[in-house]
Amino acid sequence: MKNMFLIVFLSSLIFSQSSALDKTFQSMDNGNFKNALSHLAIVISNDPTNPELFQLKGMLYESLNDDQNALQAWEECKRLSNNNSLILEANNHIQLLKQLK
Amino acid sequence: MKKLLLLISFFLGCWQAPALDESYPFTHVGSIHLQPIHDYKHFSGSGEIIKNSMTHSFMKLGYDVIENKNGGTEIVVGDGLNTLHFTCIISDYTDKEVMVIPYYNEDKGYTETTVSQSTDGGEKESSQTDISTSTTTHSGNVQKGSRLEYIRARVGLMLKLHEPYTGKLVWSHHYWYSGLDLAQTADMCTRLALHEFRKLF
């Protein structure tokens, strides 16, 4: 019984992760970027070192014209990434967002 | 090691610096003629969108923009007599770039504590209660989860400034920008491009 609970608990954790990301994309498809950000926050709390999640966060904030939070997200993306292409992309965004400040 | 990382990030930051003919007297330039911008592949209207975004950005930067009757566009950048031609090629214009997010599930493990209690003896006075506790720690692991995809926009621009008669190239640069909305991404890409351009005049 105890094992059963454990399996249910662990699978619910995994499910909640993918389902939160699914909900993020659903909200994006509906154009509800604020809602997408709240779902993305759950995904990031479970996977806080994933630069691709911060890349998405940066773009969502940019779509909402929230330059300050977008800048923070892109800086975090750059810090966590070891992929040159993603670092270059982050640099482009950081450069423009700093100009807009 | 820290210095090396700083040096690497510095070079990465400069990777996209424009090419510039430093001997060219930019102060002698009075106007720039914006050449027609062709559509990107089969994306009808993309050239016109980028052109409008450029003229809008030039105006926001404080330059005078003159649209001639023959469809030409002139940007007044100074009092000089020289003229330069400004060419823009759209190297990327899509709202269908597929992005993949690999995500991970971290199983942090768990601790299991079992408390056993047994009562021995029938009579109340002589009964004995044994309590034993055992703790088992199960280690966790990080598992690669699934990959989820989303679609985003990406716009790339190749820009060139050259002398109309000699054909001499005096400045060139390549930019690209990404975002969730194509129109906004195109606008941001143009803004980024023209901010560098502003350092010349």
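What you see is a predicted model; the values in this text were computed from it and never measured. First the proteins, then the strands, lettered A, B, ... as listed; each starts at 1.
Near-neighbour residues of residues 35-60 of chain B relative to chain A, defined by a heavy atom under 4.5 Å from a heavy atom of that chain, are none. Taking 4.5 Å as the heavy-atom cut-off, the residues of residues 92-100 of chain B that approach chain A are B:Met99, B:Val100, ordered by number.
Under the 3.5 Å distance criterion, the side-chain polar atoms of B:Gln184 are matched with a main-chain donor or acceptor of A:Glu62. Counting only distance, with no hydrogens or angles, the side chain of B:Asn68 and the backbone of B:Gly71 share no donor-acceptor pair below 3.5 Å.
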Check the pair A:Lys78, A:Glu75 against salt bridge (Lys or Arg N to Asp or Glu O under 4.0 Å), reporting the backbone distance first and the verdict last.
CA-CA 5 Å; A:Lys78 183 182 168 182; A:Glu75 278 174 343; over 6 Å; no
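Pairs passing the salt bridge (charged side-chain N to carboxylate O under 4.0 Å, His left out) check and including a residue from residues 83-92 of chain A, sequence neighbours excluded, read A:Glu89-B:Arg152.
Side chains of A:Asp66 and A:Leu60 form no contact here, defined as non-hydrogen atoms less than 4.5 Å apart. Residues B:Leu81 and B:His28 are not in side-chain contact: their nearest non-hydrogen atoms beyond the backbone lie 4.5 Å or more apart. Taking 4.5 Å as the limit, some side-chain heavy atom of A:Leu56 sits within range of a side-chain heavy atom of A:Met28.
In A:Lys34, the NZ atom is not crowded: 12 or fewer heavy atoms of neighbouring residues, nucleotides or ligands sit closer than 6.0 Å.
In this structure, chain B has no heavy atom under 4.5 Å from any part of A:Ile94.
Partners of B:Phe26 by ring pair (Phe, Tyr, Trp, His ring centres under 6.0 Å), not counting sequence neighbours, listed by chain and number: B:Tyr24, B:Phe201.
For B:Ser23 and B:Asp21, the side-chain atoms include at least one donor-acceptor pair closer than 3.5 Å.
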